Student: 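Below you'll find the structure I mean.
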Amino acid sequence: MQVLAVTLGNHAHKSWRAALTYEFAAVWAMQPVVQAEAEKVAANFPMAFHQRDGTWDLVALLGVQPGHSLAVSRQGQWLGRYIPALIRAHPFTLATPQGAAGPVLCVDESTGLIGEAGDGKAFFDSSGKPTEALAAIIELLRQVALSRARTRLACAALAEAGLMSPLTLGLRRPDGTPAEAATLDNLYLIDAEKLSHLSDEAFLALRNHDALALAYLQRLSLQQFDALDQMGRQRQTATASAAPSAQASAAGVPGVTVQDTVLRFT
């Protein structure tokens with residue numbers, strides 16, 4: 001990635017284009033999402049909690065193997081019904097460049113989507129203000145940033161309440177036998193049994209953090225592993241049609257299995 005802050009000095013005479021396909025997202029097996037979009041995500045993809053450097057994030061599981069998304073076809077088409085906000089914002093993101101005091105609007109200049117003025121949508125108008133197209137991206141990412149702060153607080157509250165349990169992913173071959181392959185790790189889900197035995201005080205504390213809805217949505221989203229499995233089969237079918245002689249790999253037909261301390265999906 002070559003992330004550059006979007007400024008009048010950097011982009012007054014440049015333009016940008018939206019990607020024609022979602023091929024750029026084909027290597028994203030999980031994607032951070034926020035509470036504001038959690039209902040739509042849960043109706044389309046499994047969700048889990050991911051911890052890194054002491055920070056909890058809510059993520060949409062778009063695949064089960066690192067570097068392999070099942071939500072993007074071999075031709076770069078999006079196979080799901082909902083597209084997470086940060087993917088829709090591509091090639092823009094909020095980042096903190098070296099020397100910056102905090103996150104600012106940035107664009108990935110290595111995508112091939114940034115060109116000279118006239119090659120696409122302008123960044124700024126003649127008065128130096130963001131164009132309507134750029135303003136829409138700014139507002140989208142602003143809303144994501146606001147919701148991310150609330151989402152992280154809710155995730156931390158759920159973890160502090162002791163409701164997180166490890167989520168283990170696995171792969172199976174078309175014949176049902178386990179496939180030996182690396183899968184995403186450091187994922188957690190809400191332990192349904194612990195949730196049902198919360199004290200009244202703990203229950204109210206989670207409600208005050210807007211964390212209860214997130215807990216229930218995460219549990220409900222586990223039903224979407226079937227949909228994720230189907231996306232993998234759809235990708236494999238398309239590949240087999242294009243190349244009938246190709247042999248299916250474990251990654252091509254994932255046959256997702258999920259295991260936690262309460263439920264087992266096989």
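Bear in mind that the values here come from a model prediction, so they are computed numbers and not experimental data.
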Student: Just checking, is any N or O donor in the side chain of D108 or S110 under 3.5 Å from an acceptor N or O on the other one?
Tutor: yes

Student: Going by the angle between their ring planes, with limits at 30° and 60°, are H90 and F24 parallel, tilted or perpendicular?
Tutor: parallel

Student: Can you name the closest pair of heavy atoms from V33 and T151 and give their distance?
Tutor: O-CG2, 4.3 Å

Student: Quick one, V59 and Q31 - any side-chain contact, counting heavy atoms below 4.5 Å?
Tutor: no

Student: More than 12 heavy atoms of other residues, nucleotides or ligands under 6.0 Å from CD of Q143: is that the case?
Tutor: yes

Student: Show the nearest heavy-atom pair for residues E116 and S15, with the distance to one decimal.
Tutor: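 That closest heavy-atom pairing would be O-OG, 2.7 Å.
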
Student: List, by chain and then residue number, the residues other than M1 in its hydrophobic cluster (Ile/Leu/Val/Met/Phe/Trp/Tyr, side-chain heavy atoms under 4.5 Å); write none if there are no others.
Tutor: V3

Student: With rounding to the nearest 0.5 angstrom, report the OG to CD1 distance, S196 to I190.
Tutor: 12.0 Å

Student: If two hydrophobic side chains count as joined below 4.5 Å and joins carry through other members, does L58 share a cluster with L141?
Tutor: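 Per the 4.5 Å side-chain linkage, L58 and L141 are not co-clustered.
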
Student: Please report the interatomic distance NE2(H68) to CH2(W28), rounded to the nearest 0.5 Å.
Tutor: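 The CH2 atom of W28 is 15.5 Å from NE2 of H68, to the nearest 0.5 Å.
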
Student: For a side chain to side chain donor-acceptor pair (under 3.5 Å) check, start with the C-alpha distance between D125 and S127, then their side-chain angles and the critical distance, and finish with the verdict.
Tutor: CA-CA 5 Å; D125 61 22; S127 65; 2.7 Å; yes

Student: Does a side-chain heavy-atom distance below 4.5 Å link C106 with L4?
Tutor: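 Counting from C-beta outward, C106 and L4 never come under 4.5 Å.
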
Student: Determine whether L140 and R88 make a side-chain contact, defined as any pair of heavy atoms from C-beta on separated by less than 4.5 Å.
Tutor: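 Touching, per the 4.5 Å side-chain cut-off.
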
Student: Closest approach of P66 and A182, non-hydrogen atoms and distance?
Tutor: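 Shortest heavy-atom separation between P66 and A182 comes out as CD-O, 3.7 Å.
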
Student: Is any side-chain heavy atom of L86 less than 4.5 Å from a side-chain heavy atom of R148?
Tutor: yes

Student: Should F123 and I114 count as side-chain neighbours, where that means a heavy-atom distance under 4.5 Å?
Tutor: yes

Student: When you group the ILVMFWY residues by side-chain heavy-atom contacts below 4.5 Å and let the links chain together, are V27 and Y22 in the same group?
Tutor: yes

Student: State, yes or no, whether a side-chain contact exists between L187 and M30 at a heavy-atom distance under 4.5 Å.
Tutor: yes

Student: Establish whether F49 and V41 are linked, either directly or via other cluster members, by ILVMFWY side-chain heavy-atom contacts under 4.5 Å.
Tutor: yes

Student: Are K121 and T131 close enough that some pair of their side-chain heavy atoms sits under 4.5 Å apart?
Tutor: no

Student: Kindly give the heavy-atom pair with the smallest separation between V104 and A5, and that separation in Å.
Tutor: CG2-CB, 4.1 Å

Student: Quick one: CD on Q51 to OH on Y188, what's the gap to the nearest 0.5 Å?
Tutor: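 Reported value, rounded in 0.5 Å steps: 5.5 Å.
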
Student: Measure the spacing between CG of D119 and CH2 of W16 and express it to the nearest 0.5 Å.
Tutor: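 It is 14.0 Å, given to the nearest 0.5 Å.
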
Student: Give me the atom names and distance for the closest heavy-atom approach of A154 to A211.
Tutor: O-CB, 3.7 Å

Student: What residues, two or more places apart in sequence or in another chain, satisfy side-chain hydrogen bond (donor to acceptor under 3.5 Å, both in side chains) together with H11?
Tutor: E109

Student: Under 6.0 Å from the NE2 atom of H209, do we count more than 12 heavy atoms belonging to anything else shown?
Tutor: no

Student: For the CG atom of L163 and the CG atom of L195, what is their distance to the nearest 0.5 Å?
Tutor: 6.0 Å

Student: Quick one: CG on D191 to CG on L167, what's the gap to the nearest 0.5 Å?
Tutor: 12.0 Å

Student: Excluding sequence neighbours, so at least two apart, what forms side-chain hydrogen bond (donor to acceptor under 3.5 Å, both in side chains) with R142?
Tutor: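 Partners of R142 by the side-chain hydrogen bond (donor to acceptor under 3.5 Å, both in side chains) criterion, ordered by chain and then number, come out as E139.
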
Student: Counting only heavy atoms not in N208, do more than 12 fall under 6.0 Å of its CG?
Tutor: yes

Student: Could you point out which residue of L113, I137, N10, V6 forms a side chain to side chain contact (heavy atoms under 4.5 Å, CB included) with V107?
Tutor: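 In the set L113, I137, N10, V6, the residue that makes a side chain to side chain contact (heavy atoms under 4.5 Å, CB included) with V107 is V6.
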
Student: Taking the side chain as every heavy atom from C-beta outward, state whether L105 and L134 have any pair of such atoms under 4.5 Å apart.
Tutor: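 A side-chain contact under 4.5 Å exists here.
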
Student: Between D57 and R152, is there a salt bridge with N-O shorter than 4.0 Å?
Tutor: yes

